[in-house]
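We count residues from 1, following the sequence as given.
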Amino acid sequence: MHLSPSKLQSRYFDSAVPDSAIRDSAIWLFLEEDGLSMNIRELLNTRVQAAMAAAGVPAECAAHVAPAKKAGFGDYQANGAMAAARLMATEPRQLAQSIVEHLQLDDMAHKVEIAGPGFINIHLAPAWLAQRAAESLRADRLGVAASRQQTIVVDYSSPNLAKEMHVGHLRSTIIGDAVVRVLEFLGHRVIRQNHVGDWGTQFGMLIAELEQHLHSGEQADLALKDLEAFYQQAKRHFDGDDEFAARARDYVVKLQSGDAAVLALWQAFREVSLQHSEEIYRQLNVTLRRGDVYGESAYNSDLPVLLEDLQARDLVVTDQGAEVMFLPELADKEGKPSAVILQKQGGGYLYATTDMAAMRHRVGNLGAERILFFIDARQSLHMQQIFTAARKAGYVDERVSLEHHAFGTMMGADGTPFKTRSGGTVKLADLLVEARQRAAALLDRKQSELDPDQRREVARKVGIGAIKYADLSKTRTHDYVFSWEAMLSMEGNTAPYLQYAYTRVKSLFRNARLQPGSLRSDITIGTDEERALVLKLLQFSEAVQQVAREAYPHVLCSYLYEVASLYMRFYEACPILKDGVSESLRDSRLRLCELVAQTLDTGLNLLGIETMERM
């Protein structure tokens, strides 16, 4: 269907809108609106922005459309009139009235009103909401539009292969993976980079220990079965045996020079370590694979090349025998520039050198337009230095977004970092076993028709989901207290609560002897509970897009919890399968339930949390 600019103008705007940019935006608006490619907030923002232009508001003034925060103030508010009025030296309510007079929302809203000093409150029409909900059910991906595709590199997990993965690796791994899933859902080309610690001086010590085991006839995979114990044993030998320590240092030199025999031992150690990490990822339902591993060793040959390049362009200086890049951009209060050491006095390279090489590779070879680093907050200064140095060297231009998404610490009940009862580091493998066991015990206390195999599978999904959701539902930058009781609760903002809400919908369809997707009736909205639920369901795209922009998975968690809570309220207030409910009303409410299930399933999947048909 094609509409001329004049017809578009009469449909959306007041009769006289001379500016060609506004006419162009109207054409774009119509094309977008024909599908579901704009969410409600974007759609309202576009229309309010056009009305502001028609009212003579300068183009630099934004509409500032946002969901209303208080009941009775509409579903959305446009808050741009006050700032525009200050710029135009006019009265805010008068300007808001002019904007409303040009605002065409007859198809969307049943009431638009001005409140306070110039807020524009928009009350969406129930019929429009119902139609939009039905369209979401028919659309792919719940109608969430694909973003303009970017090549996005995401650096996350990055365990040190010298040790088993422990709880300190959990946050980077699952937060990074949730954001990766969201970005891919929105259509971006995402390149995962698992920047594992698989190089450096500690590997001389580990290789020496491994060689000692192999000479005694032990197999490498058996020797490394418990990586933590192996590392501790190697460290004791290094600290207490001068001959062993000398041999370890010799191995470092041989490793860095490419000695074939030493490289073979290093490769054996690396292989067993990676297998351990991959098993943890599989249990955690994390999407990292072997092909995503691009560790410190991958940049080894590039480090001298990078240093020579920086030296040739006088970007580093020799200071006390070390090669240093000074950054006046990050000077301290006394004006002393921040120093980034790229090569030590003895010739060794540092993390900063490897990170600089990684930046150059990710932009120059992978074509990154945006790079996200999920690294804990203690590395904030290091990341600032690397970002600044990489831009100064010209390896990253201003068009590339560099983002350090820091996170807090998992704490124990005593307010200190989470440890075992004996004060040791909690291994992730042990934590996941305990999660499944505790979930199984929880299920055993409840009546269930599941057979033993089904119960084990449900316990796995509930236990692993509980650990992940407890972390993801907290604001990323905050510390949080680890609590089995809280995370496995069937009430409140937890994974089991959301998983249970999903199974209730599935149970409803089984009881109705209907298959989801089989109903084609209209959706109607007749109660406050139905209206609140539909409005929240239609805000799924807004939550997903916010996570993609800001890398805060808790936004999606909070949204899903609100959906589940509103569904439970709707379920209690709005009979579905009871006697006396008409077929058309039953089918309308079942379709709402179906949209709830699709939204919960899709949202939890984006968080890397599995759902189940029965629980």
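- Cation-pi geometry between Arg141 and Phe185 is met: under 6.0 angstrom from the ring centre, within 45 degrees of the axis.
- With sequence neighbours excluded, the residues satisfying ring-ring contact (aromatic ring centres under 6.0 Å, His included) with Tyr552 are His554.
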Extract all donor-acceptor atom pairs below 3.5 Å that involve side chains of residues 258-268 and protein atoms in other chains or at least two apart in sequence.
from   : atom 1 : to     : atom 2 : distance (Å)
Asp259 : OD1    : Ala261 : N      : 3.1
Asp259 : OD1    : Val262 : N      : 3.0
Trp266 : NE1    : Asp198 : O      : 2.8

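- Side chains of Arg192 and Thr287: a donor on one and an acceptor on the other come within 3.5 Å.
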Using residues 332-339 as the side-chain source, report each donor-acceptor pair under 3.5 Å to any protein atom, sequence neighbours left out, with the distance given to one decimal.
from   : atom 1 : to     : atom 2 : distance (Å)
Asp332 : OD1    : Glu334 : N      : 3.0
Asp332 : OD1    : Gly335 : N      : 3.1
Asp332 : OD1    : Lys336 : N      : 2.8
Ser338 : OG     : Gln385 : NE2    : 2.7

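- Judged as a side chain to side chain contact (heavy atoms under 4.5 Å, CB included), and not counting sequence neighbours, the contacts of Leu366 are Val153, Ile191, Gln193, His361, Arg362.
- Residues satisfying the side chain to side chain contact (heavy atoms under 4.5 Å, CB included) criterion with Ala389, sequence neighbours excluded, are Met325, Leu327, Met356.
- For Tyr156 and Phe373, the ring centers sit 6.0 Å or farther from each other.
- Side-chain atoms of Arg289 never come within 3.5 Å of backbone atoms of Asp292 as a donor-acceptor pair (strictly under, hydrogens ignored).
- Between His382 and Phe387, the gap from one ring centroid to the other reaches at least 6.0 Å.
- With sequence neighbours left out, His188 forms a side chain to side chain contact (heavy atoms under 4.5 Å, CB included) with Ser147, Gln150, Ile152, Leu183, Leu186, Val190.
- Taking the charged nitrogens against the carboxylate oxygens, Glu369 and Arg399 have no contact shorter than 4.0 Å, which rules out a salt bridge.
- Aromatic ring centres of Phe374 and Phe407: separated by at least 6.0 Å.
- Between the Gln499 side chain and the Thr611 main chain, no donor and acceptor come within less than 3.5 Å of each other.
- Gln256 contributes no side-chain N or O that, together with a main-chain N or O of Val253, makes up a donor-acceptor pair within less than 3.5 Å.
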